[in-house]
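The next block holds one structure in the form of structure tokens; read it before the comments.
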Amino acid sequence: KELVGYDRGILADLTARLGAPVVRSALNMYPETWRKGFDPTLRTFLDPLLRPEWRTLLARYDTIVLCDVSALSAGDSARLQEYVEQGGGVLLGCGSSLEPGTFEENWGTLFPVEVRELVDRSDDPLTFDTANLDHAVMSVFRGRSDSGLATSPISRLARVQPRPDQGWHIVLPFTSGDPAILERTVGQGRAVLVTTSLDDSWGNWVLWPSYVPLLNRLLQFAMELLV
């Protein structure tokens with residue numbers, strides 16, 4: 001696995017071929033005045049998470065980004081759980097590696113949701129429902145019809161049902177009513193789930209003007225720069 005780290009807070013396991021450059025570009029394109037304290041300077045690590053020194057290394061970063069990662073080993077999963085509970089952030093984007101039947105087994109401690117099915121809307125893409133933008137992540141989009149948020153096309157998504165009493169909050173739904181982005185507090189940290197892909201494999205959202213600011217806002221939220 002190739003792990004891509006960003007100084008001042010973002011360490012990303014970007015195993016998807018397209019996920020890595022898309023997320024990297026989105027961070028570098030974000031206006032300096034909107035970054036609010038984090039500098040996306042690229043670092044790359046090739047060692048597996050399971051190595052003992054990763055405990056110290058992870059502590060240097062505020063957020064881990066997982067792009068279309070189907071599962072982690074038991075050791076990696078436990079280490080990631082500990083990292084988030086101690087104040088780290090994690091953002092998981094879905095993709096073709098996702099298996100609905102095993103998602104909760106692989107990710108349930110951090111992302112306790114039931115993945116009911118993978119939905120293909122290629123013939124009739126969904127968009128984000130912008131009727132309610134009360135979440136802190138969405139504040140920059142209020143009154144900004146030019147952001148493209150309401151027209152961002154999503155061709156595929158994971159239809160999820162958040163487990164009750166797990167502290168989930170819906171950041172943004174799709175027009176179908178399905179959650180697009182969810183977040184929850186885990187110990188002292190935050191977990192963010194995006195139910196579509198972070199690249200263009202599940203739609204052309206990455207080409208819309210809403211992608212760059214929304215991805216960066218999610219990372220800032222995971223880093224607890226937004227409340």
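For the numbers below, each heavy atom of this structure counts, side chains included, while hydrogens, waters and symmetry mates do not.
With hydrogens and angles ignored, the 3.5 Å screen pairs no side-chain donor or acceptor of Thr195 with any backbone N or O of Leu157. A side-chain donor-acceptor contact under 3.5 Å links Arg142 to the backbone of Leu133. In terms of modelled atom types and a separation under 3.5 Å, the side chain of Tyr211 and the main chain of Ser152 share no donor-acceptor contact.
One distance of note links CZ of Arg121 with CG of Asp178; it measures 9.0 Å at 0.5 Å rounding. Annotation: the span from Ile170 atom CD1 to His135 atom NE2 amounts to 9.5 Å, rounded to 0.5 Å. Here the SG-CG distance, from Cys94 to Leu66, works out to 11.0 Å after rounding to the nearest 0.5 Å. For the atom pair CD (Gln86) and CD (Gln81), the distance works out to 10.5 Å, reported to the nearest 0.5 Å. From Ser77, atom OG reaches atom CD of Glu105 across 10.5 Å, with rounding to the nearest 0.5 Å. Ile154 CD1 to Ser176 OG: the interatomic distance, rounded to the nearest 0.5 Å, is 10.5 Å.
For the pair Ala158 and Trp202, the tightest heavy-atom approach, listed with the atom from each and the gap, is N-CZ3, 3.9 Å. A pairwise comparison of heavy atoms in Thr109 and Arg184 identifies O-NH1, 3.4 Å as the closest pair. Nearest heavy-atom pair across Val69 and Leu92 is O-CD1, 4.4 Å. The nearest pair of heavy atoms linking Phe174 to Pro179 is CE1-O, 3.7 Å. Between Glu183 and Val192, the shortest heavy-atom distance links the atoms CB-CG2, 4.1 Å. Phe111 and Trp168 make their closest contact through CA-CZ2, 3.7 Å (heavy atoms, listed as atom of the first residue, atom of the second, distance).
Using a 4.5 Å cut-off on side-chain heavy atoms (C-beta onward), Leu118 and Leu98 make contact. In this structure the side chain of Val90 never reaches within 4.5 angstrom of the side chain of Thr63, judged on heavy atoms. Contact of the Asp68 side chain with the Ser96 side chain is registered, since non-hydrogen atoms from C-beta on lie closer than 4.5 Å. Considering only heavy atoms from C-beta on, Val171 stays 4.5 Å or farther from Phe221 through its side chain. Contact of the Ser155 side chain with the Ser122 side chain is registered, since non-hydrogen atoms from C-beta on lie closer than 4.5 Å. Within the 4.5 Å cutoff, side-chain heavy atoms of Arg163 are placed close to those of Glu114. Residues Val160 and Leu182 meet the side-chain proximity criterion, which asks for heavy atoms closer than 4.5 Å. Side-chain contact between Thr127 and Pro125: absent, with no pair of heavy atoms (C-beta onward) separated by less than 4.5 Å.
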Discussion item. Is there a side-chain contact (heavy atoms from CB on, under 4.5 Å) between Leu91 and Ile64? Walk through the geometry before answering.
Written reply: CA-CA 6 Å; Leu91 187 154; Ile64 296 175; over 6 Å; no
Item to complete: Tell me, with the steps shown, if Leu215 and Val194 meet side-chain contact (heavy atoms from CB on, under 4.5 Å).
Response: CA-CA 10 Å; Leu215 178 61; Val194 180; over 6 Å; no
Practice prompt. Check step by step if side-chain contact (heavy atoms from CB on, under 4.5 Å) holds for Val113 and Leu193.
Written response: CA-CA 10 Å; Val113 302; Leu193 175 63; 4.0 Å; yes
Discussion item. Please determine whether side-chain contact (heavy atoms from CB on, under 4.5 Å) holds for the pair Val115 and Thr102, giving the CA-CA distance in whole Å, both sets of side-chain angles, and the decisive distance to 0.1 Å.
Written reply: CA-CA 9 Å; Val115 179; Thr102 60; over 6 Å; no
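Within 6.0 Å of the CG atom in Asp146, the count of heavy atoms belonging to other residues, nucleotides or ligands exceeds 12.
For Asp134, there are no salt bridge (charged side-chain N to carboxylate O under 4.0 Å, His left out) partners two or more places apart in sequence or in a different chain.
Donor-acceptor pairing under 3.5 Å is recorded for the side chains of Arg217 and Ser139. Residues Trp205 and Ser210 have side chains that bring a donor and an acceptor to within less than 3.5 angstrom of each other.
Below 30°, between 30° and 60°, or above 60°: for Trp107 and Phe103 the angle between ring planes is between 30° and 60°, a tilted geometry.
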